[in-house]
Amino acid sequence: MTVSAAVIVLLVPTPWSPPGVDPSSWRAALAEDVVDLVAPLPLIQPAIAAVPADLPLASKIAWPSMPQYALPSLSIRAALAAAEADGHTRAVVLMADAPDLPAMLIGKLIRPLSTRTVAVAPAIGGGLLGVATRLPVPAWLPDLDPETGDVVTARRPAPEPTMVSAAPGWHRLRGPDDLRRLDMGLDGWDATRSLLS
């Protein structure tokens, strides 16, 4: 069975946690839920990417035999390059603070790569939910900032704007407004749910 893409969970910082919830436990729960979403998906190679200080968290939430990429800096481009070095021809980087992300949105990031070079999914409220690209990483692709990057920033240096596809967005949990977007009726995201119950 051919792997269609590496899907890398990037351990971004979480500057906010709900009142009364330990920030480190909150961050771990969010990331664990994203990893648990990605790990069983068919036809992909799940992985985690983190700076050295966060490798203990990566090891704690990783599934058996899941690759863990140590990055020199918290960088989407560095995570994509790690997948390239691992022999992949396509890769997705997802932010680790979107615990209730529907799996179908990951597919909607990968699918455009059959005809486009890059796909970018925005985060509701600004910044990025995920970035997908064919590998090797295009030289023109800027190192998009998870908190400020967007489709326009990715398209600006592209030889043709149509090389960058806009994928559907989703919310990340970066503040109380995002918390209100969670649907307790959705299946999954058990670690985050347990801290909120």
Side-chain angles (χ1 to χ4, degrees), residues 1-12 30-31 33-49 63 66-67 69 75-173 181 183 186-189:
M1 200 173 289
T2 304
V3 171
S4 68
V7 178
I8 306 159
V9 178
L10 183 64
L11 294 185
V12 290
L30 299 181
D33 283 338
V34 179
V35 168
D36 287 353
L37 166 71
V38 168
L41 294 179
L43 303 179
I44 64 110
Q45 171 60 66
I48 304 174
W63 284 35
M66 182 179 285
Y69 300 134
S75 157
I76 291 173
R77 192 176 176 90
L80 292 167
E84 178 184 333
D86 223 4
H88 293 285
T89 58
R90 298 193 292 179
V92 178
V93 176
L94 290 176
M95 306 312 132
D97 53 4
D100 63 334
L101 178 70
M104 67 177 181
L105 292 188
I106 299 171
K108 289 184 177 183
L109 259 171
I110 297 171
R111 196 169 300 120
L113 299 183
S114 59
T115 57
R116 310 288 182 89
T117 307
V118 174
V120 176
I124 293 170
L128 298 170
L129 168 70
V131 177
T133 183
R134 297 181 195 172
L135 300 174
V137 184
W140 51 262
L141 182 67
D143 197 1
L144 298 164
D145 188 300
E147 305 308 323
T148 62
D150 56 21
V151 177
V152 173
T153 306
R155 280 183 177 155
R156 193 174 293 123
E160 295 288 341
T162 55
M163 296 173 75
V164 179
S165 173
W170 193 254
H171 54 262
R172 295 166 54 192
L173 295 191
R181 294 188 174 101
D183 183 348
L186 291 173
D187 290 336
W189 55 283

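Heavy atoms only: backbone and side chains are in, while hydrogens, waters and symmetry mates are out. Being a predicted model, the structure only gives us computed values, none of them experimental.
- Rounding to the nearest 0.5 Å places OG1 of Thr133 at 9.0 Å from CE of Met163.
- For residues 152-170, there are no salt bridge (Lys or Arg N to Asp or Glu O under 4.0 Å) pairs, not counting sequence neighbours.
- Across all non-hydrogen atoms, the minimal contact from Gln45 to Pro67 is NE2-CD, 3.2 Å.
- Among residues at least two apart or in separate chains, salt bridge (Lys or Arg N to Asp or Glu O under 4.0 Å) pairs with a member in residues 128-151 are Glu147-Arg172, Glu147-Arg174.
- Ala132 approaches Val92 most closely through the heavy-atom pair CB-CG2, 3.7 Å.
- Shown are Pro168, Ser165, Pro102; of these, the side-chain contact (heavy atoms from CB on, under 4.5 Å) with Lys108 is made only by Pro168.
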>> Is there a side-chain contact (heavy atoms from CB on, under 4.5 Å) between Val7 and Ile110? Walk through the geometry before answering.
In response: CA-CA 9 Å; Val7 178; Ile110 297 171; 4.3 Å; yes

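- Taking every heavy atom of both residues into account, Ala79 and Val93 meet most closely at CB-CG2, 3.8 Å.
- Atom CG of Leu80 and atom CG of Leu135 lie 6.5 Å apart (nearest 0.5 Å).
- Side chains of Val131 and Arg77 form no contact here, defined as non-hydrogen atoms less than 4.5 Å apart.
- The minimum heavy-atom distance linking Ala83 with Ile8 is given by the pair CB-CD1, 3.7 Å.
- In this structure, Leu37 CG and Leu105 CG are separated by 9.5 Å, a value rounded to the nearest 0.5 Å.
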> Where do Leu101 and Leu129 land on the side-chain contact (heavy atoms from CB on, under 4.5 Å) test, with the steps shown first?
Replying inline: CA-CA 10 Å; Leu101 178 70; Leu129 168 70; 3.7 Å; yes

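- How far CG of Asp97 is from NE2 of His171: 10.0 Å, rounded to the nearest 0.5 Å.
- The line from CG of Asp100 to CG of Leu173 is 6.5 Å long, rounded to the nearest 0.5 Å.
- Residues Met95 and Ile76 form a side-chain contact, since some pair of their non-hydrogen atoms from C-beta on lies under 4.5 Å apart.
- Pro138 and Val118 make their closest contact through CG-CG2, 4.1 Å (heavy atoms, listed as atom of the first residue, atom of the second, distance).
- Shown here for Ala167 and Leu109, the closest heavy-atom pair between the two residues is CB-CD2, 3.9 Å.
- No hydrogens or angles considered: nothing links the side chains of Asp36 and Trp189 as a donor-acceptor pair under 3.5 Å.
- When each of Leu128, Val38, Leu10 is tested with Leu94 by the rule side-chain contact (heavy atoms from CB on, under 4.5 Å), just one qualifies, namely Val38.
- If you take OH on Tyr69 and CD1 on Ile48, they are separated by 11.0 Å, rounding to the nearest 0.5 Å.
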